[in-house]
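A short write-up of the structure that comes next.
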Amino acid sequence: MAQQPSIPKGTRDFTPTEMMKRNYIFDTIRSVYKTYGYLPIETPAMETLQTLMGKYGEEGDRLIFKILNSGDFKTSVESADYASATSLALANKFCEKALRYDLTVPFARFVVMHRNEIQLPFKRFQIQPVWRADRPQKGRYREFYQCDADIVGSDSLLNEVELIQIVDTVFCKFGINISIKLNNRKILTGIAEIIGEPDKIVDITVAIDKLDKIGIDNVNAELLEKGLTADEINTLQPIILLEGSNEEKFEKLKTILAPSETGMKGIAELEYIFGMLQNVSMQAAVQLDLTLARGLNYYTGAILEVKANDVEMGSICGGGRYDNLTGIFGMPGLSGVGISFGADRIYDVLNQLDAYPKDTKEATKLLFVNFGDAEVAYIMPIIAKLRKANIACELYPDAAKMKKQMQYANERNIPFVAIVGSDEIAQNKVMVKNMLTGEQTLMDKDELTSIHTA
RNA sequence: GUGCCCGUAGUUCAGCUGGUUAGAGCGUCAGAUUGUGGUUCUGAAUGUCGAGGGUUCGAAUCCCUCCGGGCACCCCA
């Protein structure tokens with residue numbers, strides 16, 4: 001037997017059925033973005049390696065898919081270097097391009113390159129695939145779509161509020177119950193300050209981020225391992241285990257973080273956001289969650305994450321404020337804030353909930369049975385007219401057995417079949433069969449457009 | 001990068017203390033029904049048992065290597 005063809009690990013083909021579901025997801029998100037005034041852009045699948053390296057931390061660098069240079073790349077490395085160089089160093093010589101790892105960094109690059117063409121504040125959305133050389137597992141792919149919306153060039157916290165509204169609207173449309181978790185990087189910084197270990201902020205946040213998963217004892221063990229003293233860990237306990245309503249949490253936090261100016265600023269920012277959200281009716285609960293510590297090292301203010309309530313799945317949407325992302329590309333002082341929907345995880349969640357609207361299952365509305373050229377000649381003008389009226393219809397291409405044609409309609413979820421033979425032609429009518437109920441009605445040619453609403 | 005589990009018709013799996021010709025459900029195809037699908041009935045096809053090597057009179061079954069898949073950690077959408 002010939003060798004079975006295959007696709008790379010962590011990538012997927014999408015069948016027509018799957019594509020209709022996926023397009024429903026993209027269309028929904030896109031339409032919400034548009035109603036909030038975001039404009040579409042696209043950027044290339046590949047960026048220069050230089051643009052991407054160093055933006056996602058050490059772990060992120062390792063997960064960037066690099067593209068081998070064309071031509072005789074071997075000459076770019078001296079044989080002496082070859083023996084001593086690390087794989088990473090060699091990769092940097094052999095590759096000057098890489099597949100994008102997310103949409104935020106390419107967007108920052110876009111803003112800097114097009115600074116003279118865009119108007120600030122600039123609101124853009126972008127729905128494109130990204131690639132990560134991760135080991136695939138549940139809810140994790142090597143190629144997946146992100147649906148980003150960002151505002152750059154505005155410090156206003158109203159942007160954060162707006163993005164939360166968007167999140168709520170989108171998941172409302174999908175019918176997915178969610179919790180929105182909110183935190184602020186400044187609060188995390190404040191916490192690190194008051195326990196006297198400002199340098200260990202990353203270790204601390206990474207550890208407390210695992211609270212839900214591994215429990216308080218293991219978190220403390222990890223903190224100890226990272227070099228915190230028992231005293232410092234004790235100071236941290238009331239903060240990690242903070243409970244009650246959002247208001248209660250804020251009150252307690254204000255006392256604890258009083259000595260930290262940064263921490264207090266973070267609290268004030270979040271209080272403003274929560275306050276403004278009172279003015280809009282939200283479906284989802286928004287919770288202050290101090291254990292939320294998104295890994296990306298460019299967030300500086302509010303951070304948010306969305307989890308589905310009824311399905312076991314990693315976060316399906318995330319985002320936050322990054323004050324100086326364009327700075328690394330030579331354009332300092334520009335603040336941005338954005339969110340990203342993980343379309344592929346939303347797809348998995350919707351599949352588990354089976355929460356797709358009916359019409360994502362059907363494409364063609366009406367199939368005309370083919371009895372032969374004489375009948376086709378009668379049908380063709382009718383079909384043309386229906387298509388003009390924006391009704392998706394098709395003619396079975398072969399004069400095959402009727403059974404076969406009916407089967408085709410059935411398998412493709414085509415809701416109506418038009419049967420036109422010599423009898424119908426003689427009466428100048430069309431026989432329409434409703435495939436759901438099995439009912440057949442003899443209709444005038446002009447009546448056919450009414451199935452549009454059926 | 002680390003650890004664990006799994007590879008048998010298109011698919012989901014059974015068979016695995018080595019022993020004739022490798023099975024089942026679902027799906028596929030054909031017919032019952034030459035102008036009627038989805039239900040029903042009847043019949044049929046389908047496999048280098050992931051690949052290579054070893055042990056044996058004999059391997060889907062035991063051992064080794066490789067390849068592929070899944071899950072968890074790390075990290076993340």
Side-chain angles (χ1 to χ4, degrees), chain A residues 1-12 25 29 56-64 87-88 100-104 127-148 167 202 205-207 209-210 213-214 218 222 292-297 304-308 312-320 338-349 367-372 375 396 399-425 431-440:
Chain A
M1 193 204 280
Q3 203 175 8
Q4 288 291 327
S6 66
I7 55 174
K9 191 190 279 232
T11 64
R12 295 155 296 164
I25 294 171
I29 294 171
Y56 310 104
E58 205 177 309
E59 180 72 16
D61 283 353
R62 207 167 55 81
L63 299 179
I64 293 171
S87 300
L88 189 67
R100 63 167 167 256
Y101 178 88
D102 72 353
L103 300 179
T104 310
I127 298 177
Q128 290 191 274
V130 303
W131 294 270
R132 295 185 188 178
D134 218 342
R135 206 176 277 202
Q137 50 183 283
K138 190 188 174 88
R140 177 180 298 183
Y141 306 98
R142 284 184 156 175
E143 177 183 63
F144 61 97
Y145 271 76
Q146 290 193 328
C147 313
D148 276 32
V167 169
V202 173
T205 53
V206 165
D209 184 38
K210 295 178 192 164
K213 223 176 214 170
I214 63 176
N218 291 317
E222 184 165 333
L292 169 60
R294 290 177 50 74
L296 291 176
N297 45 8
L304 79 88
E305 190 167 284
V306 176
K307 295 207 78 172
E312 193 61 39
M313 179 65 64
S315 75
I316 51 180
C317 178
I339 49 168
S340 179
F341 290 91
D344 298 83
R345 285 187 178 173
I346 292 172
Y347 174 75
D348 289 346
V349 169
L367 174 80
F368 283 81
V369 171
N370 184 335
F371 283 124
E375 288 83 355
Y396 196 87
K401 277 188 193 169
M402 182 128 173
K403 178 179 173 133
K404 191 163 188 177
Q405 302 193 39
M406 295 299 285
Q407 241 163 23
Y408 174 84
N410 195 53
E411 274 151 30
R412 292 201 42 197
N413 285 306
I414 298 175
F416 296 98
V417 172
I419 300 159
V420 184
S422 47
D423 291 356
E424 286 80 8
I425 294 176
M431 181 69 84
V432 176
K433 175 164 181 150
N434 181 326
M435 292 296 278
L436 215 62
T437 62
E439 281 176 288
Q440 291 191 183

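The chains referred to below are lettered A, B, ... by the order of the sequence lines, with proteins before strands, and numbering in each begins at 1. In this text the structure is predicted, and so the values were computed from the model without any measurement.
Here Tyr141(A) lies in heavy-atom contact (under 4.0 Å) with a base. Lys307(A) comes within 4.0 angstrom of nothing in the nucleic acid, heavy atoms only. Using a 4.0 Å heavy-atom distance criterion, Lys433(A) is classed as a base contact. Nucleic acid contact for Gly57(A): none, since no nucleic acid atom lies under 4.0 Å from a heavy atom of the residue. Nucleic acid contact class of Val130(A) (heavy atoms, under 4.0 Å, all strands): none. Contact annotation for Ile346(A): no contact, since no heavy-atom pair falls under 4.0 Å across all strands. The residue Gly139(A) sits close to a base: some heavy atom pair falls under 4.0 Å.
Partners of Gln137(A) according to the side-chain contact (heavy atoms from CB on, under 4.5 Å) rule, which considers only residues two or more places apart in sequence or in another chain, are Arg140(A). With sequence neighbours excluded, no residue satisfies side-chain hydrogen bond (donor to acceptor under 3.5 Å, both in side chains) with Glu424(A). Partners of Ala409(A) according to the side-chain contact (heavy atoms from CB on, under 4.5 Å) rule, which considers only residues two or more places apart in sequence or in another chain, are Leu367(A), Ile414(A), Val417(A), Met435(A).
Comparing Cys317(A) and Met435(A) by the nucleotide of RNA chain B whose heavy atom lies nearest to each, the residue mapping closer to the 5' end is Met435(A). The residue among Met406(A) and Tyr145(A) whose nearest nucleotide of RNA chain B is located toward the 5' end is Met406(A).
Straight-line distance from the CG atom of Asn434(A) to the C1' atom of U36(B): 13 Å, rounded to whole Å. At whole-Å resolution of the value, CD in Glu59(A) and P in G1(B) are 11 Å apart. The separation between Glu305(A) atom CD and C76(B) atom P is 10 Å, rounded to whole Å. In this structure, CD of Glu411(A) is placed 11 Å from P of G27(B), rounded to the nearest angstrom. In this structure, the CD1 atom of Ile127(A) is 17 Å from the P atom of A77(B), given to the nearest Å. We find that NZ of Lys138(A) is positioned 12 Å from P of C73(B), with the value rounded to whole Å. One interatomic measurement links the two molecules: CZ of Arg142(A) to P of G1(B), which rounds to 10 Å at whole-angstrom precision. Atom CG in Leu436(A) sits roughly 16 Å away from atom C1' in U36(B) (whole-Å rounding).
For the C1' atoms, the distance linking A22(B) with A59(B) amounts to 13 Å, nearest Å. Separating the P atom of C67(B) from that of G27(B) is a span of 38 Å, rounded to the nearest Å. A distance of about 27 Å separates the C1' atoms of A9(B) and U39(B), rounded to the whole Å. As rounded to the nearest Å, A45(B) and A77(B) have C1' atoms that lie 45 Å from one another. As rounded to the nearest Å, G52(B) and A60(B) have P atoms that lie 12 Å from one another. For the P atoms, the distance linking C62(B) with G7(B) amounts to 10 Å, nearest Å. Distance noted for atom P between G23(B) and A44(B): 14 Å (whole Å). Rounded to the nearest Å, the gap between the P atom of G68(B) and that of C63(B) is 22 Å.
Taking 4.5 Å as the limit, some side-chain heavy atom of Arg412(A) sits within range of a side-chain heavy atom of Tyr408(A). At a threshold of 4.5 Å between non-hydrogen side-chain atoms, the residues Tyr347(A) and Ile25(A) count as touching.
Comment: Glu222(A) engages Lys210(A) in a salt bridge, judged by a side-chain N to carboxylate O separation of less than 4.0 angstrom.
Here Phe368(A) and Tyr396(A) keep their ring centres 6.0 angstrom or further from each other.
Taking the ring axis of Phe144(A) as reference, the NZ or CZ atom of Arg132(A) does not stay both within 45° of it and closer than 6.0 Å to the ring centre.
Asn434(A) places no side-chain N or O within 3.5 Å of a backbone atom of Glu439(A) that could act as its donor or acceptor partner. For Arg142(A) (side chain) and Asp134(A) (main-chain N/O), a donor-acceptor pair under 3.5 Å exists by modelled atom type. Between the side chain of Arg345(A) and the main chain of Gly139(A), a donor-acceptor pair closer than 3.5 Å is present. Between the side chain of Gln146(A) and the backbone N or O of Gln128(A), no donor-acceptor pair lies under 3.5 Å.
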Using the 3.5 Å cut-off, write out each protein N or O paired with an N or O of nucleotides 30-35 of chain B and the distance between them.
unit_1, atom_1, unit_2, atom_2, d
G31(B), OP1, Lys401(A), NZ, 3.0
G35(B), O6, Glu424(A), OE1, 3.3
G35(B), N1, Glu424(A), OE1, 3.1
G35(B), N1, Glu424(A), OE2, 3.1
G35(B), N2, Glu424(A), OE2, 3.1

Could you list all N or O pairs between the protein and nucleotides 2-6 of chain B that sit under 3.5 Å apart?
unit_1, atom_1, unit_2, atom_2, d
U2(B), O4, Arg135(A), NH1, 3.0

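Put simply, the side chain of Arg140(A) and the base of C71(B) share no donor and acceptor less than 3.5 Å apart. Counting distance only, with no hydrogens placed and no angle test, the side-chain atoms of Asn410(A) and the base atoms of G38(B) include no donor-acceptor pair under 3.5 Å.
OP1 and OP2 of G70(B) both lie 4.0 Å or more from every side-chain N or O belonging to Gln137(A). Taking side-chain N and O atoms only, Lys9(A) has a distance below 4.0 Å to OP1 or OP2 of G69(B).
Stem regions for RNA chain B, each three or more consecutive Watson-Crick or G-U pairs with both distances under 3.5 Å and listed by first number, read B:1-7 with B:67-73, B:10-13 with B:23-26, B:28-32 with B:40-44, B:50-54 with B:62-66.
Taking CZ of Phe341(A) as the start and CD1 of Ile127(A) as the end, the distance is 9.5 Å to the nearest 0.5 Å. Between the OG atom in Ser340(A) and the CD1 atom in Ile316(A) there is a gap of 11.5 Å [rounded to 0.5 Å].
Here the nucleotide nearest the side chain of Ser315(A), chosen from G1(B), A77(B), C75(B), is A77(B).
The aromatic ring of Phe144(A) sits over the base of A77(B), with ring centres less than 5.5 Å apart and planes tilted by under 30°.
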